[in-house]
Amino acid sequence: MPEVLAIDFGEENVPSPAIRLDGLVLERGGKAVIDGLSLDLGPSGVTAFMGPNGAGKSLTLRLIAGLIAPTAGTIHFAKGRPLPQQIALVFQKPVLLRRSVRANLDHALKTFGMARRERPARVAELLALGQLEALADRPARVLSGGEQQRVAMVRALAASPKYLLLDEPTASLDPQATAAIEALVMRAAADGVRVILVTHEAGQAQRLADDICFLHKGRLLEAAPAALFFQAPKSAEARAYLAGDLLL
Ligand SMILES: Nc1ncnc2c1ncn2[C@@H]1O[C@H](COP(=O)(O)OP(=O)(O)O)[C@@H](O)[C@H]1O
Ligand SMILES: [Mg+2]
């Protein structure tokens with residue numbers, strides 16, 4: 001049985017995990033691209049997955065989201081597998097419908113089963129949350145990358161999900177647009193949404209994450225509180241990654 005790396009939250013606060021990954025294996029092209037991943041994720045806060053390209057970060061998010069099934073191992077949610085609208089995903093490149101910002105948000109709420117008469121008020125809340133009021137009636141696809149990602153973020157939050165999974169959500173954005181997305185992530189976490197973030201930026205992980213999971217070649221090499229990880233990474237691979245060395 002592989003060792004379960006658990007985040008130590010301190011003695012006064014020993015929560016049961018919200019999500020337990022147990023011995024996850026995912027085979028692709030005849031090899032294990034996720035290779036015995038065991039991890040307990042606590043009930044609240046922001047966890048960042050870091051690691052070089054190809055480490056298995058995106059596939060791990062997809063496994064947690066239930067978009068793909070593992071070859072072996074289990075994913076256990078303490079409160080039962082969430083409904084699709086309770087587990088929201090945001091990717092690096094937003095995929096928006098070819099209609100207005102307002103209509104994109106309305107469509108998401110309709111998909112989640114919200115009644116027509118209730119939707120305008122919730123759309124207005126989401127527009128305010130994303131500071132998108134002035135852009136509400138513009139076609140979503142003509143917005144800047146940062147504006148589109150704000151739409152994708154508030155759309156992801158539309159149904160008040162329990163889990164928010166973010167796969168390099170600011171990788172193609174400038175610092176100002178990045179700051180706006182980070183503010184939305186912090187707000188969601190403060191509101192009790194369990195956030196799992198894939199990021200390459202150590203600065204972003206330090207700003208947002210409570211704990212860090214470092215993946216390399218499909219294996220979880222470290223899981224530690226963020227401050228500890230950045231001060232004293234345990235593995236040579238994590239040290240090299242943080243130093244900016246090309247890891248293969
Ligand atoms: N369908 C596939 N066939 C073969 N290899 C795959 C397939 N899908 C993903 N992989 C490999 O799995 C590894 C992990 O992918 P991914 O989770 O996307 O990495 P990252 O950490 O960069 O997000 C990569 O080496 C990728 O090439
Ligand atoms: Mg990826």
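Position 1 is the first residue of the sequence; numbering continues from there. Ligands are counted one by one from 1 in listed order, and the atoms in each one are counted from 1 as well.
- The shortest contact between atom 18 (O) of ligand 1 and any protein heavy atom is with Ser58 CB, 3.7 Å.
- Between Asp106 and Lys110, no side-chain nitrogen of the basic residue sits less than 4.0 Å from a carboxylate oxygen of the acidic one, so the salt-bridge criterion is not met.
- Atom 15 (O) of ligand 1 is approached by the protein to below 4.0 angstrom, counting heavy atoms only.
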- Report the C-alpha distance between Ile68 and Leu59 in whole Å, list the side-chain angles of each, state the deciding distance to 0.1 Å, and finish with yes or no for side chain to side chain contact (heavy atoms under 4.5 Å, CB included). CA-CA 8 Å; Ile68 51 176; Leu59 291 172; 3.9 Å; yes

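- From the protein, the heavy atom lying nearest to atom 9 (C) of ligand 1 is Leu59 CD1, 3.8 Å.
- Between the CZ atom of Arg99 and the CZ atom of Arg141 there is a distance of 10.0 Å, given to the nearest 0.5 Å.
- In terms of protein heavy-atom proximity, atom 13 (C) of ligand 1 is nearest to Gly54 O, 3.6 Å.
- Qualifying side chain to side chain donor-acceptor pair (under 3.5 Å) partners for Ser144, counting only residues two or more places apart in sequence or in other chains: Glu147.
- Ligand 1 is approached by Gly56 to a heavy-atom distance shorter than 4.0 Å.
- For atom 26 (C) of ligand 1, the protein comes within 4.0 Å by no heavy atom at all.
- For residues 141-176, the ring-ring contact (aromatic ring centres under 6.0 Å, His included) pairs, not counting sequence neighbours, are Phe77-Tyr163.
- Of all the heavy atoms of Val33, the ones lying under 4.0 Å from any atom of ligand 1 belong exclusively to the side chain.
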- Query: Would Leu197 and Val185 satisfy side chain to side chain contact (heavy atoms under 4.5 Å, CB included), going step by step from the backbone distance to the final call?
  - Reply: CA-CA 9 Å; Leu197 164 76; Val185 175; 5.7 Å; no

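- Residue side and main chain included, Ser58 places an N/O/S atom under 2.8 Å of the Mg ion (ligand 2).
- Close approach of ligand 1 to Asn53 is summarised as follows: ligand atoms under 4.0 Å from at least one heavy atom of the residue are 22 (O).
- Between Arg102 and Asp137, at least one side-chain nitrogen of the basic residue sits less than 4.0 Å from a carboxylate oxygen of the acidic one, meeting the salt-bridge criterion.
- Comparing Arg28, Lys57, Lys31 against atom 21 (O) of ligand 1, the shortest heavy-atom distance belongs to Lys57.
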